[in-house]
Every structure is written in structure tokens, then in C-alpha cells.
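First the structure, in the form of C-alpha cells, and then the observations on it.
Protein chains get the first letters and strands the later ones, always in sequence-line order, with residue 1 at the start of each. Values below: all heavy atoms of this structure, side chains included; hydrogens, waters and symmetry mates excluded.
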Amino acid sequence: MKVVYFAWVRERVGKAEEIVEPPAEVSTVGDLIGWLAGRGESYAHAFEAPNVIRAAIDHAHAPPQTVIAGAREIALFPPMTGG
Amino acid sequence: MKVVYFAWVRERVGKAEEIVEPPAEVSTVGDLIGWLAGRGESYAHAFEAPNVIRAAIDHAHAPPQTVIAGAREIALFPPMTGG
Amino acid sequence: MGVPVTIRLQEADFDTAREIAAMSAGRTDVGAVVSFSGVCRGGPDGDAIDGLTLEHYPGMAEAEIGRHVAEALARWPLMGVTVIHRHGRIAPGENIVLVVTASSHRGAAFEAAEFLMDYLKTRAPFWKREERAAGANWVDAAAHDDAAAARWTKS
Amino acid sequence: MGVPVTIRLQEADFDTAREIAAMSAGRTDVGAVVSFSGVCRGGPDGDAIDGLTLEHYPGMAEAEIGRHVAEALARWPLMGVTVIHRHGRIAPGENIVLVVTASSHRGAAFEAAEFLMDYLKTRAPFWKREERAAGANWVDAAAHDDAAAARWTKS
């Protein structure tokens with residue numbers, strides 16, 4: 001499963017993308033964020049406030065309860081500030 | 001007292017402006033419209049529906065109850081359709 | 001230092017692009033520029049409009065637009081306002097009116113531009129006469145324009 | 001014949017004038033054109049912003065803007081929509097974003113432009129990083145932008 005990061009999430013994690021293989025009990029976007037936060041100090045910093053993290057699955061916004069099974073690309077990022 | 005007309009009011013009256021001297025009992029914009037309507041066929045046609053006639057005194061909108069004493073220029077015209 | 005305000009009534013066409021560019025040229029405090037262009041429509045096929053003639057009340061038109069611009073400046077934190085209204089003969093596809101508003105944030109710029117357009121439609125002394133193959137007629141005022149203007153009235 | 005839609009994400013600046021002119025060129029059915037230009041501010045004296053870097057999510061940005069344009073076309077009788085959003089380095093006074101909407105009447109053009117801007121601010125995957133003398137920082141999302149976007153949600 002490919003995960004991509006943007007803005008300060010990318011800076012804190014220290015990479016723009018990676019392939020991860022979460023265990024089977026990680027079934028939703030919220031679960032994935034929690035699981036990533038446990039992967040080390042940089043991840044803990046990036047995901048220290050899970051409620052501000054936004055996610056997209058295959059280029060469409062996905063709230064925390066969205067099931068991630070079948071996703072090709074999951075993006076995690078801060079609230080958007082375009083326009 | 002100078003009176004100016006615009007759009008179809010001007011066309012119906014048949015002139016763009018004129019000097020009028022209404023009698024003393026004509027004290028408001030509404031009175032003036034009623035008095036003008038009695039001045040002949042073209043005026044009667046122009047002012048046949050007094051409630052649609054809009055007025056301005058010295059370049060500022062003036063509702064029918066506005067007193068006309070002291071006015072330099074009174075304009076009478078249909079509802080505006082600019083923009 | 002006041003807010004730059006441009007009000008012009010003219011027969012000639014105008015360059016929308018230049019007016020918008022002028023609003024933020026050489027400035028770095030403007031964050032949002034909203035423009036509204038009113039264009040002469042040709043009408044649907046079979047009821048084609050050959051053009052418009054716009055009559056106006058010289059003197060009052062400038063005064064009335066000036067009063068509405070002053071009210072917009074009092075109601076919203078604007079950094080620039082431009083209003084240009086043409087009169088005389090206007091062909092389909094040509095500009096009739098332009099409103100440009102600038103502010104540091106978009107909400108003020110959008111609201112002020114809508115406010116000015118609603119008032120130009122219902123309070124500025126201009127009258128449109130449409131020319132069709134069957135003859136010319138004065139355009140009736142639209143009730144929805146009065147309703148649009150009424151929403152800005154302070155209660 | 002569909003409604004002309006232009007969506008572009010690009011590093012290069014764009015010509016607002018040309019985009020607005022293109023919206024009504026050669027057409028006589030468009031009565032109202034609204035444009036919104038978002039411009040990079042320089043910040044107040046003493047806290048000057050040297051510029052912005054806009055990060056975006058390629059692929060999703062186009063998809064998300066496309067979805068919002070499609071929703072705008074479904075909600076308002078539009079005759080044209082243009083959305084251009086820059087990414088990369090942007091200096092104070094330069095354009096960031098442009099939305100242009102065309103319709104036969106002004107209400108639809110104004111509302112659709114505001115709708116698109118509110119959604120670009122809160123749902124399109126772009127992130128602004130401000131550069132100041134003291135260092136660079138990511139811009140925080142503004143609660144008032146979320147509130148602005150929420151008013152378009154069907155209840």
C-alpha cells in the first residue's frame with residue numbers, strides 16, 4: 001500500500017512517499033494514522049494530533065472511518081490552504 | 001421650476017425638459033405628477049400610472065411625498081434599468 | 001491616504017483587462033480582486049437583439065454612483081473600487097458596465113461588487129432601449145433586481 | 001454542445017485579462033462575467049512576506065477541482081467556467097488563483113464564483129508556505145474559510 005505525505009506531514013515524516021504493510025487489524029484511515037504514529041519519533045511528531053490530519057484515497061477525500069482495503073494510494077496531509 | 005424627463009416619460013411628453021409654474025397647492029412630487037397629468041393628452045399618457053414614475057430632486061432620489069419647494073431641477077422617469 | 005476610486009461614465013468601450021490590472025499594479029497589500037462585467041446579449045435566435053441604447057441622466061448618474069461607492073467603502077474594508085458605465089449605442093457582445101473591487105480578503109471584495117451591481121441595476125439613472133427587427137422598446141425593470149437590492153438594506 | 005470549461009494547474013503566471021476576454025469572445029449569449037483573482041500579499045510593514053511556496057497533490061488537485069466545477073455546472077446555469085491555480089514559488093503581488101464564471105444573469109455568475117473559491121480554499125489539495133525574514137512556516141487553515149464553504153452544503 002502506497003502512502004504519500006504533503007506539507008508539514010511530509011516534512012515531519014521526512015519523506016514524500018513510502019510503501020507500508022500495516023497488519024490486518026488496521027482497517028480504516030483512522031487506524032492507519034494511529035498505526036503510523038507508532039512507527040518512531042518522526043511519525044509520532046507528524047501524527048501527534050490525529051484530528052487535524054486529512055486523508056485522501058485514490059485522489060478523493062476520505063474521512064477517518066473510511067475503510068482502506070483496496071486502496072492504491074493513500075494521502076495524508078494537513079488541512080488545505082489553497083486558493 | 002425646471003422639470004426634466006427621461007426614457008419613455010420623455011418620449012410620451014414629447015420633450016426632454018421644460019420650465020413649469022405649478023400653483024401653490026402643488027407641494028409634493030406626487031402632487032406635481034398629478035398636476036402634470038392634467039396638462040393634456042401627451043402628459044396624461046406619460047403619467048397614466050403615477051405609481052411607476054420615479055423622481056429625483058437636484059440629482060437625488062425623491063419619493064412621492066417629498067416637498068418640492070426650493071427644488072432647482074426635478075426629474076421624472078420610469079424605473080431604472082442600468083447595470 | 002484614501003482608497004483609490006475610479007468612476008467613469010462614457011460612450012466609448014473600455015478595456016476590462018487594464019482596469020483589473022490597475023487595481024493591484026505595484027501593490028502587495030491587495031489579496032483579492034473581484035470583477036463583474038455586464039455584457040450586451042444578442043438574445044435567443046428568432047428574437048435577436050440588434051443592440052441597446054442606454055439613456056442616462058448626466059450629473060445624477062455620477063452623483064448616485066458616487067454615493068453607492070461611498071457606502072460600499074463604509075461597509076467593507078476595500079482597497080480599491082472601479083465603476084465604469086457606458087451610455088449611448090451598444091452592440092451585442094460589447095461591454096455595458098464594469099465593477100472591480102479589491103480587498104485583502106475575498107468575502108469583502110465579492111460582497112461589495114454584488115452590492116454595487118444590485119444598486120446600479122435599480123438606483124442608478126440609466127434606461128435600456130432594446131432594438132429588434134420588429135422595433136425598439138424600453139426594457140422593463142425586473143422585480144428580481146429590486147429584491148436583490150433590498151437585501152442590502154439595513155434593518 | 002457543452003459549457004466551455006478550462007482547468008489549469010501551472011507554475012507559470014497567467015494573464016487574467018486574456019482569460020476573462022476568452023470567456024465572452026465571439027459570443028452574444030453571455031450577459032455577466034465574474035472574475036476572482038487571488039493575489040500574493042506582501043504582509044504589513046515589519047512582518048513582510050518575501051513570497052509563498054505552494055505545494056500541491058498532482059492528480060488529486062485536478063480531480064478535486066474538476067468535481068467542484070461539475071457541481072457548479074449542475075447548480076447554476078453557467079455558460080463558461082475557468083479555474084487556474086498556480087503552484088511553486090510565488091512572489092508578493094503575483095497571481096495565485098483565478099476563477100472566471102459566465103452566465104446570462106449576474107446572480108448565477110457571482111454565486112458560482114464564490115462557491116468555487118470557498119471550495120478551492122478548503123478542499124483543493126494545496127498548501128501555502130510563507131517565507132519571512134525570520135523563516136518559513138506553513139499557513140494555518142482558517143476557521144472562517146471552513147464556515148464559508150459550509151454555507152454551500154445542501155441541508
Side-chain angles (χ1 to χ4, degrees), chain A residues 1-20 28-30 32-33 36-37 41-83, chain D residues 9 36-41 52-68 70 83-88 90 95-99 113-130 135-149:
Chain A
M1 175 177 292
K2 183 181 178 185
V3 183
V4 297
Y5 308 113
F6 291 97
W8 56 253
V9 174
R10 172 181 55 71
E11 287 183 340
R12 291 181 183 184
V13 168
K15 57 185 91 170
E17 60 177 74
E18 63 183 317
I19 304 296
V20 298
T28 66
V29 166
L32 178 66
I33 292 170
L36 286 167
E41 203 175 319
S42 62
Y43 289 92
H45 183 38
F47 300 109
E48 67 190 3
N51 59 316
V52 305
I53 303 293
R54 302 288 179 267
I57 296 181
D58 297 336
H59 293 171
H61 287 290
Q65 65 275 22
T66 311
V67 169
I68 60 176
R72 286 188 308 272
E73 179 171 298
I74 301 186
L76 299 170
F77 43 77
M80 292 140 281
T81 55
Chain D
L9 304 191
F36 176 88
S37 303
V39 179
C40 178
R41 278 177 290 149
L52 283 178
T53 300
L54 260 153
E55 184 168 327
H56 79 300
Y57 183 2
M60 180 173 171
E62 292 87 338
E64 190 66 18
I65 295 173
R67 284 190 282 267
H68 293 140
V83 177
I84 304 176
H85 204 307
R86 289 179 67 194
H87 53 83
I90 296 175
N95 293 310
I96 299 172
V97 63
L98 175 69
V99 167
E114 285 197 82
F115 167 87
L116 287 168
M117 278 310 305
D118 287 345
Y119 273 79
L120 284 171
K121 285 267 175 190
T122 56
R123 300 280 291 177
F126 292 84
W127 299 272
K128 288 196 185 94
R129 193 161 170 272
E130 285 178 352
N137 65 284
W138 294 98
V139 173
D140 280 333
H144 62 79
D145 284 330
D146 288 328

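With a 4.5 Å cut-off on non-hydrogen atoms, A/Val4 touches chain D through its side chain but not through its backbone. With a threshold of 4.5 angstrom between heavy atoms, D/Asp140 approaches chain A through N, CA, C or O but not through any side-chain atom.
With chain A as partner, the option from D/His85, D/His56, D/Arg123, D/His87 having the largest number of non-hydrogen pairs under 4.5 angstrom is D/Arg123.
Rounding to the nearest 0.5 Å gives a distance of 11.0 Å between CZ of A/Phe6 and CZ of D/Phe126. How far NE2 of A/His61 is from OG1 of D/Thr122: 8.0 Å, rounded to the nearest 0.5 Å.
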Throw together a table of side-chain donor-acceptor distances under 3.5 angstrom for residues 57-68 of chain D, partners on residues two or more places apart or in other chains.
from, atom 1, to, atom 2, distance (Å)
D/Tyr57, OH, A/Glu73, OE2, 2.5
D/Glu62, OE1, D/Gly59, N, 2.7
D/Glu64, OE1, D/Arg67, NE, 3.3
D/Glu64, OE1, D/Arg67, NH2, 2.7
D/Glu64, OE2, D/His68, NE2, 3.3
D/Arg67, NH2, A/His59, O, 2.7
D/His68, ND1, D/Glu64, O, 3.3

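Every residue two or more places apart in sequence or in another chain that forms a side chain to side chain donor-acceptor pair (under 3.5 Å) with A/Arg10 is listed here: D/Glu55.
Heavy-atom neighbours of A/Glu41 CD from other residues, nucleotides or ligands within 6.0 Å: at or below the threshold of 12.
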